[in-house]
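For reference, positions follow the sequence shown, starting with 1. In what follows, every heavy atom counts, from backbone to side chain, and hydrogens, waters and symmetry copies are set aside.
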Amino acid sequence: QVQLVESGGGLVQAGGSLRLSCAASGRTIRYYSVGWFRQAPGKEREFVAGSGGTTSYADSVKGRFTISRDNAKNTAYLRMNSLKPEDTAVYYCAADDRVGVANMPKAPLAYWGQGTQVTVSS
């Protein structure tokens with residue numbers, strides 16, 4: 001079993017930056033695909049970024065968000081720059097050792113964190 005805990009969310013003004021962390025425990029996620037998703041009020045959860053041998057980003061965040069991993073700390077990160085009010089959502093990390101990054105947006109994923117709120121004010 002893998003436990004994922006997100007942190008780093010908060011309130012930020014438009015144009016600002018945040019770095020989210022996803023700390024894993026239970027097993028090493030070194031060889032897992034790890035992704036970030038978000039869900040805004042009244043909307044479906046959507047894929048944001050994924051990492052696992054390659055990286056992938058939603059069009060809406062390309063050039064502004066960067067996913068990274070520190071295998072020594074068993075932690076993944078999402079650096080978010082140039083934040084916009086439409087980035088406001090609960091952000092979740094997810095991990096799976098059987099799903100490639102390309103399939104992360106649609107495939108069911110084994111492990112999820114509890115989410116962290118990001119609010120961007122205009």
Side-chain angles (χ1 to χ4, degrees):
Q1 291 290 329
V2 174
Q3 293 79 42
L4 303 173
V5 178
E6 302 96 335
S7 61
L11 174 64
V12 64
Q13 288 188 333
S17 298
L18 283 174
R19 189 183 77 159
L20 306 183
S21 299
C22 173
S25 62
R27 292 180 182 175
T28 178
I29 57 171
R30 181 185 185 96
Y31 302 109
Y32 283 53
S33 295
V34 176
W36 287 93
F37 294 75
R38 66 187 181 187
Q39 187 167 21
K43 295 187 177 181
E44 292 186 355
R45 186 171 60 197
E46 64 175 357
F47 172 80
V48 175
S51 170
T54 184
T55 56
S56 178
Y57 296 92
D59 289 342
S60 59
V61 307
K62 280 181 181 176
R64 300 189 298 123
F65 290 13
T66 303
I67 188 171
S68 62
R69 305 167 69 150
D70 186 334
N71 291 328
K73 295 182 178 180
N74 214 26
T75 299
Y77 303 96
L78 185 68
R79 177 68 180 182
M80 306 185 294
N81 295 329
S82 303
L83 282 161
K84 305 175 181 179
E86 51 264 42
D87 294 319
T88 295
V90 177
Y91 283 71
Y92 301 90
C93 68
D96 200 299
D97 63 345
R98 299 185 180 184
V99 176
V101 171
N103 293 323
M104 291 198 86
K106 299 295 185 183
L109 302 175
Y111 305 106
W112 290 85
Q114 82 291 347
T116 185
Q117 176 71 47
V118 171
T119 303
V120 184
S121 63
S122 58

For residues [X] and [Y], report the shortest heavy-atom separation together with the two atoms involved.
X	Y	result
V2	A24	CG1-CB, 4.3 Å
T75	A23	OG1-CA, 3.8 Å
L109	A94	CD1-CB, 3.6 Å
G9	T116	N-OG1, 3.2 Å

What side-chain donor-acceptor pairs closer than 3.5 Å can you find for residues 30-39, not counting sequence neighbours?
residue	atom	partner	partner atom	Å
S33	OG	V99	O	2.6
W36	NE1	Y77	O	3.4
R38	NE	E46	OE2	2.6
R38	NH1	D87	OD1	2.9
R38	NH1	Y91	OH	2.9
R38	NH2	E46	OE2	3.2
R38	NH2	S60	OG	3.4
Q39	NE2	K43	O	3.1

Hey, quick one: are [X] and [Y] part of the same hydrophobic cluster, counting side-chain heavy atoms closer than 4.5 Å, chains of contacts allowed?
X	Y	answer
Y92	L78	no
L83	Y57	yes
L4	V90	no
V120	V48	yes

> In chain order, what residues pass the side chain to side chain contact (heavy atoms under 4.5 Å, CB included) check against P105, with sequence neighbours excluded?
Replying inline: F47
> Under the side chain to side chain contact (heavy atoms under 4.5 Å, CB included) test, which residues partner E44, sequence neighbours left out?
Replying inline: none
> Applying side chain to side chain donor-acceptor pair (under 3.5 Å), which residue pairs with at least one partner in residues 93-104 are found, sequence neighbours left out?
Replying inline: none
> To which residues is L11 joined in a hydrophobic cluster, defined by side-chain heavy-atom contacts under 4.5 Å among Ile, Leu, Val, Met, Phe, Trp and Tyr, whether direct or through other members?
Replying inline: none
>> Running the 4.5 Å side-chain criterion over Ile, Leu, Val, Met, Phe, Trp and Tyr, what cluster does V101 land in, apart from itself?
In response: none
>> By the salt bridge (charged side-chain N to carboxylate O under 4.0 Å, His left out) test, which pairs, at least two apart or in different chains, include something from residues 51-63?
In response: D59-K62
>> Under the disulfide (SG to SG under 2.5 Å) definition, can you give me all pairs with a residue in residues 22-113, not counting sequence neighbours?
In response: C22-C93
> Which residue pairs pass the disulfide (SG to SG under 2.5 Å) test when at least one of the two sits in residues 44-86, sequence neighbours left out?
Replying inline: none
Measuring from atom [atom1] of [X] to atom [atom2] of [Y], what distance do you get when rounded to the nearest 0.5 angstrom?
X	Y	atom1	atom2	answer
L20	F65	CG	CZ	8.0 Å
T66	M80	OG1	CE	11.0 Å
S122	Q13	OG	CD	9.5 Å

>> Quick check: do E6 and Q114 have side-chain heavy atoms less than 4.5 Å from each other?
In response: yes
> Who passes side chain to side chain donor-acceptor pair (under 3.5 Å) against N81, sequence neighbours left out?
Replying inline: S17, R79
> Taking only residues two or more places apart in sequence, or in another chain, which ones meet T119 in a side chain to side chain donor-acceptor pair (under 3.5 Å)?
Replying inline: Q117
